[in-house]
Amino acid sequence: MSLQKPSIPKGTRDFSPLEMVRRNYIFDTIRKVFQLFGYQPIETPAMENLSTLLGKYGEEGDKLLFKILNSGDFLENRGWRMEDGSRRSEVGGRNEEQLDYRTLLPFITEKGLRYDLTVPFARYVVQHQNEIIFPFKRYQIQPVWRADRPQKGRYREFFQCDVDVIGSDSLLNEVELVQIADKVFTNLGLKYIVKLNNRKILSGIAEVIGEPGGMIDLTITLDKMEKTHMDFVITELREKGFADASIDALAPFLNFAAEKDLAVILPFLKVNLHASSIGLAGIDEIEKITGYLQDLQLSGSVELDISLARGLNYYTGTIIEVKAKDVPMGSICGGGRYDDLTGIFGLKGVSGVGISFGADRIYDVMNELNLFPEMIAATTKVLFVNFGAAEEKFCLPILSSLRESGIPAEIFPEAAKLKKQLDYANRKKIPYTVLVGENEMKEGMLTLKDMQTGEQKLMTLEQVKEKMAK
RNA sequence: GUGGUCGUAGCUCAGUUGGUUAGAGCGUCAGAUUGUGGAUCUGAAGGUCGUGGGUUCGAGCCCCAUCUUCCACCCCA
């Protein structure tokens with residue numbers, strides 16, 4: 001026993017072989033679908049400059065950024081450590097006591113771990129704009145980090161699988177993203193619901209009720225409709241400073257928040273948002289998208305949910321969220337359109353839209369519903385039992401030959417007791433073992449043992465290969 | 001960040017009102033059994049009871065702090 005117990009940071013996890021096999025199954029499924037729709041892979045660094053990250057996710061997002069401490073003795077360099085103990089600071093000419101977190105921050109950290117894949121992607125697009133073929137369809141599967149407090153379906157390190165297309169306004173892209181989600185979840189055997197909304201509709205509602213500047217506050221609160229209820233929403237809006245008249249004007253929308261029938265809610269919105277051109281534009285977009293989707297065979301349902309606000313601050317148009325059926329879990333996939341994310345980095349007028357699959361939540365949902373196929377545990381097909389040095393030498397070329405034929409094979413690395421070696425095969429669920437001792441070597445034959453039935457037979461290498469190939 | 005919750009052997013968990021040397025099952029290792037496994041039997045190893053303080057003659061048990069787990073809020077995949 002070591003002196004101190006090792007551990008890993010809060011909200012992070014190790015993945016053991018069984019978990020990895022299952023996670024790879026999810027990643028492979030997703031990756032295949034992305035490629036099927038013509039998307040290309042990229043990767044970006046785990047860390048970005050804080051200037052890239054800060055201010056893109058809202059105030060809350062900034063707090064959840066993992067920041068990386070500068071290397072070197074930055075205290076010494078800033079003159080914060082004085083010989084006489086006076087510890088005066090050169091930062092903005094302020095005293096130690098006047099220093100707060102925000103003032104200090106830029107001096108001790110300038111890098112952070114990525115918070116999502118969309119913002120680094122926008123940065124990437126701007127930096128590589130001359131080599132990119134637009135519209136650029138890319139996918140990216142990498143971990144992201146958030147300094148959140150862990151809970152159900154929430155980790156501090158988790159994988160996102162992003163697909164985005166940038167450089168095209170077409171709503172065809174939105175339609176395609178829904179199709180991608182459909183294909184991924186259908187292939188994984190997951191039942192799902194796609195929820196759609198549009199920031200322009202939300203903006204229109206804010207405008208119509210007389211709170212044009214309150215869109216963000218409104219949407220965040222509206223999003224709680226599903227979890228809580230109307231009274232809660234009204235109370236919270238009042239706390240956020242919405243006028244009574246505005247809240248009264250909002251009431252009809254709240255009443256329709258639960259309405260899922262497009263034939264009912266679309267006409268309702270058209271009437272009630274007629275005074276807002278932006279709101280009407282949003283309705284129009286939703287109508288076009290759902291119009292296309294009607295003709296496609298999707299395995300899940302698609303709904304317009306005007307209480308859906310999810311997504312980060314940079315979304316400007318369509319908002320997409322996918323929830324798993326039959327399991328209480330946050331969204332397992334989400335995204336939307338962002339009209340000017342690259343604008344912040346100096347490339348104006350380029351619109352993008354994308355969604356992100358939460359691999360870890362998908363894993364949790366599939367685990368809970370027992371949706372992982374049994375077969376994917378298979379690794380080694382045949383184990384060569386080790387009887388000693390002479391036998392090892394005899395077996396190695398045979399092993400190579402098997403591997404050449406694409407049969408995963410291994411030899412036990414020590415001439416341990418047979419019991420131990422067979423036990424190893426059992427525990428690793430290796431279906432066959434090969435026993436080669438003096439007799440077999442003399443005859444140039446192999447004894448193949450079926451670990452399930454216990455049956456064993458003397459055969460040639462070719463016969464073994466034939467049997468393994470099945 | 002706020003509120004609650006959990007932590008005893010590798011794993012799952014007992015542990016009485018605060019009382020001598022902290023237990024069980026599973027797993028591991030060794031042997032019964034030196035080329036035939038999954039079974040059975042025998043034996044062994046394995047613990048600063050999350051960590052640090054405190055109360056007490058005495059703490060796994062009570063108090064405080066801290067870390068971790070899980071859950072809710074905020075927010076989000």
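Lettering of chains follows the sequences in order, A, B, ..., and the numbering in each one begins at 1.
For A:R154 against B:A77, a side-chain-to-base donor-acceptor contact under 3.5 Å is absent. One donor-acceptor pair, N or O on each side, does fall under 3.5 Å between the base of B:U36 and the side chain of A:Q456. Interface remark: the A:K10 side chain does not form any donor-acceptor pair with the B:U69 base, using a distance-only criterion of under 3.5 Å.
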Note to self: Counting Watson-Crick and G-U wobble pairs with both distances under 3.5 Å, what is the dot-bracket string for RNA chain B, 5' to 3', using [ ] for crossing pairs and | for pairs to another strand?
What the structure shows: ((((..(..((((.....[...)))).(((((.......))))).....(((((..]....))))))..))))....
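In this structure, A:F394 and A:G444 approach most closely via the heavy-atom pair CZ-CA, 4.4 Å. A pairwise comparison of heavy atoms in A:Q142 and A:I42 identifies OE1-O, 4.5 Å as the closest pair. The shortest heavy-atom contact between A:S246 and A:E211 is OG-OE2, 2.9 Å.
Near RNA chain B, defined here as any heavy-atom distance below 4.0 Å, there are no residues from residues 298-306 of chain A.
With centres under 5.5 Å and a plane angle under 30°, the ring of A:F158 is stacked against the base of B:A77.
Residue A:I332 is in sugar-phosphate contact alone, with no base atom involved, counting any heavy-atom pair closer than 4.0 Å across all strands shown. When heavy atoms are screened at a 4.0 angstrom cut-off, A:E157 is found touching no nucleic acid atom at all. Residue contacts for A:Q421: at a heavy-atom cut-off of 4.0 Å it reaches no nucleic acid atom on any strand shown. A:G454 comes within contact range of at least one nucleobase, with a heavy-atom separation under 4.0 Å. Here A:I362 lies out of heavy-atom contact (under 4.0 Å) with every strand. At a threshold of 4.0 angstrom between heavy atoms, the contacts of A:Y155 include nucleobase atoms, whether or not backbone atoms are also involved. Residue contacts for A:G61: at a heavy-atom cut-off of 4.0 Å it reaches no nucleic acid atom on any strand shown. A:G11 comes within 4.0 angstrom of sugar-phosphate atoms only, judged by non-hydrogen atoms across all strands, and of no base.
Regarding A:M441, its CE atom lies at a distance of 14 Å from the P atom of B:G35, rounded to whole Å. Between A:L308 atom CG and B:C76 atom P the separation is 11 Å, expressed in whole Å. In this structure, the CG atom of A:N386 is 15 Å from the C1' atom of B:U36, given to the nearest Å. A:F357 places its CZ atom 11 Å from the C1' atom of B:A77, with the value rounded to the nearest Å. The CG-P distance, from A:L418 to B:U36, rounds to 7 Å in whole Å. Following rounding to the nearest Å, A:L64 (CG) and B:C73 (C1') show an atom-to-atom distance of 14 Å. Rounded to a whole Å, the CG atom of A:D223 is 10 Å from the P atom of B:C74.
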For nucleotides 29-32 of chain B, list the nitrogen or oxygen atoms of the protein found under 3.5 Å from its nitrogen or oxygen atoms, one pair per line.
residue : atom : partner : partner atom : Å
B:G31   : OP2  : A:K417  : NZ           : 2.7

Protein N or O to nucleotides 2-4 of chain B N or O, pairs below 3.5 Å:
residue : atom : partner : partner atom : Å
B:U2    : O4   : A:R149  : NE           : 3.2
B:U2    : O4   : A:R149  : NH1          : 3.0
B:G3    : O6   : A:R149  : NH1          : 3.4

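Considering only the side chain of A:F387, B:G35 comes nearest among B:G35, B:C71, B:C75. For A:Q151, taking side-chain heavy atoms from C-beta onward, the closest of the listed nucleotides B:A77, B:C73, B:U36 is B:C73.
Applying the side-chain contact (heavy atoms from CB on, under 4.5 Å) test to A:T219 and every residue at least two apart in sequence or in another chain returns A:L202, A:M215, A:A309. Taking A:Y124 as the reference, A:H128 meet the ring pair (Phe, Tyr, Trp, His ring centres under 6.0 Å) condition, with sequence neighbours excluded. Residues passing the side-chain contact (heavy atoms from CB on, under 4.5 Å) test with A:F232 are A:K224, A:T228, A:E236, sequence neighbours excluded. Among residues two or more places apart in sequence or in another chain, the side-chain contact (heavy atoms from CB on, under 4.5 Å) test is passed with A:L461 by A:I398, A:S401, A:L402, A:L446, A:K465. Annotation: side chain to side chain donor-acceptor pair (under 3.5 Å) contacts of A:E207 (sequence neighbours excluded): A:S276.
Across B:U2 and B:U66, the matching P atoms stand 10 Å from one another, rounded to whole Å. Of the C1' atoms belonging to B:U17 and B:C13, the separation is 23 Å, rounded to the nearest Å. Comparing the C1' positions of B:G31 and B:C70 gives a spacing of 43 Å, expressed to the nearest Å. Here, B:U51 and B:U68 have their P atoms 15 Å apart, quoted to the whole Å. Atom P of B:A59 sits at a distance of 12 Å from the matching atom of B:C49, rounded to the whole Å.
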Tabulate below the donor-acceptor pairs under 3.5 Å that side-chain atoms of residues 180-190 of chain A make, not counting sequence neighbours, or state none.
residue : atom : partner : partner atom : Å
A:D182  : OD1  : A:T186  : OG1          : 3.4
A:D182  : OD1  : A:Y192  : OH           : 2.4
A:D182  : OD1  : A:S299  : N            : 2.8
A:D182  : OD1  : A:S299  : OG           : 3.3
A:T186  : OG1  : A:D182  : O            : 2.5
A:T186  : OG1  : A:S299  : OG           : 2.9

Using residues 157-167 of chain A as the side-chain source, report each donor-acceptor pair under 3.5 Å to any protein atom, sequence neighbours left out, with the distance given to one decimal.
residue : atom : partner : partner atom : Å
A:E157  : OE2  : A:W145  : NE1          : 2.9
A:D162  : OD1  : A:S356  : OG           : 2.6
A:D162  : OD2  : A:T118  : OG1          : 3.2
A:D164  : OD1  : A:R138  : NH2          : 2.4
A:D164  : OD2  : A:Y338  : OH           : 2.5

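Pairs engaging residues 422-470 of chain A under the ring pair (Phe, Tyr, Trp, His ring centres under 6.0 Å) rule: A:F412-A:Y424 [sequence neighbours left out].
Ion pairing between A:D450 and A:K457 fails under the 4.0 Å rule for side-chain N and carboxylate O.
Phosphate contact (OP1/OP2 of B:C75, side-chain N/O of A:K224, threshold under 4.0 Å): present.
One N or O on the side chain of A:E19 and one on the backbone of A:S16 form a donor-acceptor pair closer than 3.5 Å. Side-chain atoms of A:N173 come within 3.5 Å of backbone atoms of A:S170 as a donor-acceptor pair (strictly under, hydrogens ignored).
For the side-chain contact (heavy atoms from CB on, under 4.5 Å) with A:F66, the qualifying choice from A:R156, A:K111, A:R146, A:R114 is A:R156, the only one to do so.
Nearer to the 5' terminus of RNA chain B, by closest-nucleotide assignment, is the contact made by A:T12 (compared with the other of A:E236 and A:T12).
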